[in-house]
J.: 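Take a look at the following structure, please.
Values below: every heavy atom of this structure, side chains too, minus hydrogens, waters and symmetry copies. Everything numeric here is computed off the predicted structure, so don't read it as measured data.
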Amino acid sequence: MRKLLILIGALFTISNLSAQVYKVGDYYNVDGKKGVVFEVSEDGKHGTIIALTQPEGIMPWAKAMEYGNQLKDGWYIPSHKELMALLGVHEVVNEKLQEVGERLTMHSSHFYWSTTEFDKDCIWVVCMMTGSTGGSYKKNPFNVRAVSKF
């Protein structure tokens, strides 16, 4: 029994050592889920990725949420806090997005919707170029981009 426990412990250690370690700006492609890392845990094994693509055109918040509700496999519309984390590294993320393929970058001069309410009529938005952030009326049209945890 002791030998079995030692063997199981050794296998667990080996599997943990072989887990991929990521940093901000890395391309993520695991089990068909693809994106670029923009947040990462201290050990580099967990974090958040941004989708390679986004819906074409701008849309009001209700339509952005409809889009978000149709997402599968752990994809969702980011919170204001997640967009702010992305803002801090969006240039690195855009470089990797450009490497991966044409027209996949985040439009730095555009605002992006979050899921965080500013008040009952407004939602937090973030501009990737200026860092401007604030509440915007839900009827205003902006971009939306999905994110996912890994």
J.: Would you say V40 and W75 are hydrophobically clustered, going by side-chain heavy atoms of ILVMFWY under 4.5 Å?
T.: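 Yes, one cluster joins them.
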J.: List the atom of A85, the atom of E39, and the distance in Å for their closest heavy-atom pair.
T.: CB-OE2, 3.4 Å
J.: Spell out, as yes or no, whether a donor-acceptor pair under 3.5 Å connects the side chain of T133 to the backbone of V125.
T.: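 Judged by distance alone, yes, a pair lies under 3.5 Å.
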J.: Roughly how far apart are D121 CG and K139 NZ, rounded to 0.5 Å?
T.: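 Result: 9.5 Å between the selected atoms.
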J.: Report the distance from atom NZ of K149 to atom OG of S41, rounding to the nearest 0.5 Å.
T.: 10.5 Å
J.: With heavy-atom distances below 4.5 Å as the criterion, would you say the side chains of T48 and S148 are in contact?
T.: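 No, side chains not in contact.
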J.: Without swapping roles, check the side chain of W61 against the backbone of S114 for a donor-acceptor pair under 3.5 Å.
T.: yes
J.: Please tell me whether M106 and I58 are part of a single hydrophobic cluster in this structure, the criterion being side-chain heavy atoms less than 4.5 Å apart.
T.: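 Cluster IDs for M106 and I58 differ.
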J.: Taking N69 for its side chain and M65 for its backbone only, find out whether a donor-acceptor pair lies under 3.5 Å.
T.: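 At least one qualifying donor-acceptor pair exists.
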J.: To the nearest 0.5 angstrom, please state how far the CE atom of M128 sits from the CD atom of E91.
T.: 11.5 Å
J.: Go through the side-chain N and O atoms of Y112 and Q54 and say whether any donor and acceptor fall under 3.5 Å apart.
T.: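 There is such a pair between these side chains.
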J.: May I ask you to test the F38-I49 pair for a side-chain heavy-atom distance under 4.5 Å?
T.: no
J.: Any link between V92 and M129 through a network of hydrophobic side chains (Ile, Leu, Val, Met, Phe, Trp, Tyr) touching at under 4.5 Å?
T.: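 Each belongs to a different hydrophobic cluster.
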J.: Report yes or no: does R145 contribute a side-chain atom to a donor-acceptor pair with the main-chain N or O of I50 at less than 3.5 Å?
T.: no
J.: Under 3.5 Å, is there a donor-acceptor pair between the side chain of W113 and the main chain of M59?
T.: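 Such a contact is found between W113 side chain and M59 backbone.
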J.: Side-chain heavy atoms under 4.5 angstrom apart, residues restricted to Ile, Leu, Val, Met, Phe, Trp, Tyr: same cluster for V30 and L52?
T.: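 Cluster IDs for V30 and L52 match.
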J.: For E82 and Y76, which I'm curious about, is there any donor-acceptor pair between the side chains at under 3.5 Å?
T.: yes
J.: For K63 and E66, run salt bridge (Lys or Arg N to Asp or Glu O under 4.0 Å): C-alpha distance rounded to whole Å, both residues' side-chain angles, the deciding distance at 0.1 Å, then the answer.
T.: CA-CA 5 Å; K63 189 169 181 181; E66 282 177 28; over 6 Å; no
J.: CD1 of I77 to CD1 of I123: how many Å apart, nearest 0.5 Å?
T.: 12.0 Å
J.: Below 4.5 Å, heavy atoms only, C-beta onward: do V37 and F150 meet side chain to side chain?
T.: yes
J.: Using the ring of each side chain (for Trp, its six-membered ring), is F118 parallel, tilted or perpendicular to W124, with breaks at 30° and 60°?
T.: perpendicular
J.: Taking atom NZ as the centre, does K138 end up with more than 12 heavy-atom neighbours from other residues, nucleotides or ligands that are less than 6.0 angstrom away?
T.: yes
J.: Tell me whether D31 at atom CG has more than 12 heavy atoms from other residues, nucleotides or ligands lying less than 6.0 Å away.
T.: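 Not buried by this count: 12 neighbours or fewer within 6.0 Å.
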J.: Within this structure, what is the CD-CG distance for the pair Q20 and N29, rounded to the nearest 0.5 Å?
T.: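 With rounding to 0.5 Å, CD (Q20) is 11.0 Å from CG (N29).
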J.: Count the heavy atoms belonging to other residues, nucleotides or ligands that lie under 6.0 Å from NZ of K81, then report whether that count exceeds 12.
T.: no
J.: Checking side chain to side chain contact (heavy atoms under 4.5 Å, CB included) for the pair V144/Y67: CA distance, chi angles, key distance, verdict?
T.: CA-CA 9 Å; V144 64; Y67 167 74; 4.0 Å; yes
J.: Would the distance check show the side chain of K34 and the main-chain N or O of A51 forming a donor-acceptor pair, the cut-off being under 3.5 Å?
T.: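 Not at all, since once roles are kept as given, no pair shorter than 3.5 Å links the two residues.
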J.: Measuring from C127:SG to F111:CZ, what's the distance to the nearest 0.5 Å?
T.: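 Answer for the SG-CZ pair, C127 versus F111, is 4.5 Å.
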